[in-house]
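I have placed the structure first, in the form of structure tokens, so that the comments after it can refer back to it.
Whatever order the structure lists them in is the order used to number ligands and atoms, beginning at 1.
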Amino acid sequence: MATTERDYYEILGLPRTASELEVKRAFRRLARELHPDVSELPDAEERFRQVAEAYEVLSNPERRELYDRLGHAGLRSGGFQPGHFDFGSLSDIFAAFFGDDLFAGARARSGRGADVAAEVEIDLAEAARGPTVRVPFEVAAACDRCDGAGAEPGATVTTCDVCGGIGQVQHVSRSIFGEFVRSQRCPRCDGAGRLVSEPCKQCRASGRVVQDRALDVEIPPGIHDGQRIRISGEGHAGVLGGRAGDFYARVRIRPHPRFVRDANDLLSTVDLTMTQAALGVTLTLPTIDGEEEVEFAPGTQPGAVVVLRGKGMPVLQGRGRGDQRLLVNVLVPENLDDDQRKLLEEFQRLEHERTYGRDEGLFRKLRSAFR
Ligand SMILES: [Zn+2]
Ligand SMILES: [Zn+2]
């Protein structure tokens, strides 16, 4: 049965031409003023019921049209009985209209779960390929015994009578400067907004249990050490219906015995013997994804840098690849036997000015290798 025969427009303080948005705004404004947890007016609850009823009619185009033409009687003949939604829990109505955000700090009843982070260690060759890695982690999940409600099966759950289900108690004080609203965690329900006759034995009323989980994490090719991959919704379960947090896999890349990474390039060194460097040589050398024949021209100098185009790391979420840069080291013989010594002494006698070129400077080459 209708709680009022007063004009719905008058209750909301609106002209009959008010738009849908204006109806909504007026309801929000009045609802904030009249919420029984906040208002000290003795008739706040009764007035709130009227406001909610007016909103129920005027926010619905069909009902509003009926009411505009035929008034309260028209609504009744149309089979609509305003005020028939359950007023037992006002906070539930608020949640339905506004979510839990009507009052700042009134979010204790539910909340988004926290994020979970785990580390994944891969080696550099895997980082170049972009592997899928199974990552185990611990996560708070909704308790299966109570379905996340925190109550033993069969236990009764009632809305907290102290805070009305909001989980917070509002203290309003008025002064010449205006109204001050303080919120505190409700002492009766400890912020849960509900009272449970028998808490769940498995989760101790928290609604959540710790679970072992594992996810297959797709690591994109070219990922860098320390970067994180986010998988949304795989973190800790939310509290009492709140959405789950996110899962972050932090990727660590093991140092490689042969390659040092420089952005998308890979640096490595190669040892040429003195004679290989002087005469030229072709060697089979490791790259990040296999072996490669590399040609060294006669007269290759120590500190020379040979660039293998496209043999570096893939560009993360981009195209192409970096280069592999080979820094040449030349080995000088340490243990000469008599024959070798004689030959080198012979060679020395035959040396002349043009045997050796001018070196551009080892330091400059080093700098270009590790630019
Ligand atoms: Zn439980
Ligand atoms: Zn409470």
Side-chain angles (χ1 to χ4, degrees), residues 31-42 44-46 48-49 52 85-116 136-173 179-215 233-247:
R32 282 200 177 87
E33 283 174 21
L34 295 171
H35 191 288
D37 287 349
V38 172
S39 180
E40 284 175 4
L41 299 172
E45 184 160 343
E46 177 55 28
F48 176 71
R49 282 166 196 261
F85 46 99
D86 178 23
F87 274 109
S89 167
L90 285 173
S91 58
D92 286 349
I93 297 167
F94 273 88
F97 282 125
F98 303 117
D100 281 330
D101 286 339
L102 180 59
F103 300 107
R107 294 185 198 129
R109 294 172 358 121
S110 66
R112 180 181 176 275
D115 295 336
V116 177
F137 58 100
E138 278 192 341
V139 70
C143 172
D144 56 356
R145 184 174 173 82
C146 62
D147 232 358
E152 268 292 286
T156 55
V157 180
T158 48
T159 301
C160 174
D161 52 349
V162 171
C163 63
I166 288 176
Q168 305 254 340
V169 193
Q170 310 270 338
H171 295 281
V172 183
S173 51
E179 274 188 5
F180 293 93
V181 181
R182 280 184 303 121
S183 334
Q184 281 174 341
R185 180 172 280 246
C186 173
R188 176 125 167 82
C189 65
D190 201 26
R194 327 156 307 144
L195 301 170
V196 171
S197 67
E198 197 185 345
C200 172
K201 289 188 179 93
Q202 184 168 286
C203 65
R204 291 185 195 163
S206 70
R208 307 195 302 169
V209 287
V210 175
Q211 254 181 15
D212 288 323
R213 197 180 287 172
L215 278 176
E234 295 288 348
H236 293 306
V239 179
L240 299 174
R243 69 186 181 88
D246 297 333
F247 172 74

Quiz item: In Å, rounded to the nearest 0.5 Å, how long is the span from CZ of Arg213 to CD of Glu138?
Solution: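 Here the interatomic distance stands at 11.5 Å.
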Quiz prompt | Within-2.8 Å protein N/O/S contacts of the Zn ion (ligand 1) | solution =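 Cys143 SG, Cys146 SG, Cys200 SG, Cys203 SG, with waters left out.
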Quiz item: Step by step, would you call Glu152 with Cys200 a side chain to side chain contact (heavy atoms under 4.5 Å, CB included)?
Solution: CA-CA 4 Å; Glu152 268 292 286; Cys200 172; 4.2 Å; yes
Quiz item: Could you give all pairs that pass the ring-ring contact (aromatic ring centres under 6.0 Å, His included) test and reach residues 141-160, with sequence neighbours left out?
Solution: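 Output for this query is empty, none listed.
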Practice problem: Quick one: the SG of Cys189, the Zn ion (ligand 2), SG of Cys186 angle, rounded to 10°, please. | Solution: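 That angle is 100°.
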Quiz item: Looking from the Zn ion (ligand 2), what is the angle between SG on Cys160 and SG on Cys163, to the nearest 10°?
Solution: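 Vertex at the Zn ion (ligand 2): approximately 100°.
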Quiz item: Taking side chain as C-beta onward, heavy atoms only, is Arg145 less than 4.5 Å from Pro153?
Solution: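 Of all side-chain heavy-atom pairs linking Pro153 with Arg145, at least one is under 4.5 Å.
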Self-check item: Distance-minimising heavy-atom pair for Val169 and Pro187
Solution: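 Smallest heavy-atom distance, with atoms named: CG2-CD, 3.7 Å.
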Practice problem: For residues Asp115 and Asp246, report the shortest heavy-atom separation together with the two atoms involved. | Solution: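 Answer, listing the atom of Asp115 first, then Asp246: OD1-N, 2.8 Å.
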Quiz item: Would Val139 and Glu234 satisfy side chain to side chain contact (heavy atoms under 4.5 Å, CB included), going step by step from the backbone distance to the final call?
Solution: CA-CA 8 Å; Val139 70; Glu234 295 288 348; over 6 Å; no
